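These notes are about the structure you will find just below.
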Amino acid sequence: MKGALKLDKGFIVVEYESSLIKRVYWTNESEEEKNFPGRELFIDYFSGKKVDFGELNIDLTEFPSFFKRIYEVARRIPYGKVTSYKSIAELIGNSKLQRVVGNAMKNNPFLIIVPCHRVVKSDGSLGNFSLGVEFKKYLLTLEGVRLENEKVSCFRYWWY
DNA sequence: ATACTACGAACCT
DNA sequence: AGGTTCGTAGTAT
């Protein structure tokens, strides 16, 4: 099953089976808008409300255990906070695996629900994003994270 | 087998 | 400020 929500610049698409979410991604083409798990949360989120997606069920079974653990950790980053690729690597148990974390974020199959936009570089600069850095900036701004010359303040917004 | 990452630290100009 | 080098595991060719 597939549902889509129309936003300013495109659609957010959610693939699911009953209450289990299989994939969330972005597209420019119009899709049919239907009811789907978490629809109200997405509406609230994009209208600027503080939303916790923690209740939603996501299907991680198909992913390598390493990626699975990365997504599980990334999911816990609170609304309006950020952390680094390295910090996640440390929480997984090997601080040298920042690049693998980047890899996992790049392939993030649960856009917004796994908040990969809250993962930035250790020095506070944004790093990269699958939908472009501007999109990452937009999401962080939406959550009230302020940027000072293209960096987030590590003191104010850091999680771990 | 090899090359490439949404990184980071150390060590250079 | 910038550039180079290397480590590491998953993915793609």
Side-chain angles (χ1 to χ4, degrees), chain A residues 2 4-5 7-16 20-29 31 38 41-42 45-46 48 50-54 56-160:
Chain A
K2 193 191 277 189
L5 179 66
L7 300 166
D8 285 351
K9 300 170 216 160
F11 292 79
I12 190 151
V13 181
V14 175
E15 291 178 8
Y16 64 99
L20 185 64
I21 295 176
K22 309 290 267 188
R23 201 157 92 89
V24 179
Y25 58 96
W26 182 267
T27 181
N28 293 317
E29 298 164 19
E31 300 262 352
L41 295 179
F42 282 108
Y45 178 79
F46 282 101
K50 185 173 179 176
V51 170
D52 179 8
F53 290 97
L56 295 179
N57 256 320
I58 59 176
D59 182 13
L60 290 171
T61 54
E62 299 298 316
F63 297 93
S65 63
F66 214 85
F67 274 39
K68 217 179 293 181
R69 287 197 288 153
I70 291 171
Y71 293 140
E72 279 162 1
V73 170
R75 238 198 136 170
R76 299 208 298 267
I77 308 170
Y79 185 96
K81 298 274 184 183
V82 298
T83 193
S84 67
Y85 299 93
K86 183 191 175 189
S87 298
I88 292 183
E90 278 168 355
L91 289 168
I92 298 300
N94 186 341
S95 62
K96 292 178 185 168
L97 298 183
Q98 327 92 338
R99 298 186 76 168
V100 181
V101 174
N103 218 327
M105 295 301 110
K106 176 182 175 184
N107 296 306
N108 177 15
F110 302 101
L111 194 68
I112 312 292
I113 296 180
V114 173
C116 58
H117 55 284
R118 295 180 195 145
V119 184
V120 300
K121 289 208 190 185
S122 294
D123 66 357
S125 58
L126 288 188
N128 233 315
F129 196 64
S130 57
L131 302 172
V133 183
E134 285 307 312
F135 201 97
K136 189 171 192 171
K137 216 183 283 186
Y138 159 68
L139 293 173
L140 288 173
T141 306
L142 189 63
E143 299 189 8
V145 175
R146 289 265 198 83
L147 296 181
E148 291 165 30
N149 49 43
E150 301 301 294
K151 287 189 179 185
V152 306
S153 159
C154 297
F155 302 107
R156 240 204 287 268
Y157 304 113
W158 213 255
W159 179 76
Y160 273 94

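If you're wondering where the values come from, they're calculated on a predicted model, not measured in any experiment. Both backbone and side-chain heavy atoms feed into the values below; hydrogens, waters and symmetry mates do not. Naming convention: chains lettered A, B, ... in sequence-line order (proteins, then strands); numbering from 1 in each chain.
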Legend entry - Side-chain N,O (Lys106(A)) to OP1/OP2 (dA6(B)) below 4.0 Å: yes
Legend entry - Test item: Lys86(A) side-chain N/O and Ser122(A) main-chain N/O as donor-acceptor pair under 3.5 Å: no
Inset, instruction - Answer with yes or no after comparing the ring centroid distance for Tyr45(A) and Phe53(A) against a 6.0 Å cut-off, counting only values under it. - result: yes
Inset, instruction - Look only at the side chain of Lys136(A) and the backbone of Val119(A), and say whether a donor-acceptor pair between them is shorter than 3.5 Å. - result: yes
Legend entry - Presence of Ser130(A) side-chain N/O under 4.0 Å of dA6(B) phosphate oxygens OP1/OP2: no
Legend entry - Between dA6(B) and dT13(C) - P atom distance, rounded Å: 14 Å
Inset, instruction - Specify the separation, in whole Å, of atom CG of Asn103(A) and atom C1' of dT8(C). - result: 11 Å
Inset, instruction - Name the residue closer to the 5' end of DNA chain C, choosing between Pro64(A) and Lys96(A) according to the nucleotide with the nearest heavy atom. - result: Lys96(A)
Legend entry - Salt-bridge criterion met for Arg69(A) and Glu72(A) (N-O under 4.0 Å): no
Inset, instruction - Nearest-nucleotide wise, let me know which of Phe66(A) and Gln98(A) is further upstream toward the 5' end of DNA chain C. - result: Gln98(A)
Legend entry - Interatomic distance, Tyr71(A) OH vs dA6(B) P [rounded to whole Å]: 12 Å
Legend entry - Euclidean distance, atom NZ of residue Lys121(A) to atom C1' of dT5(B) [Å, nearest integer]: 12 Å
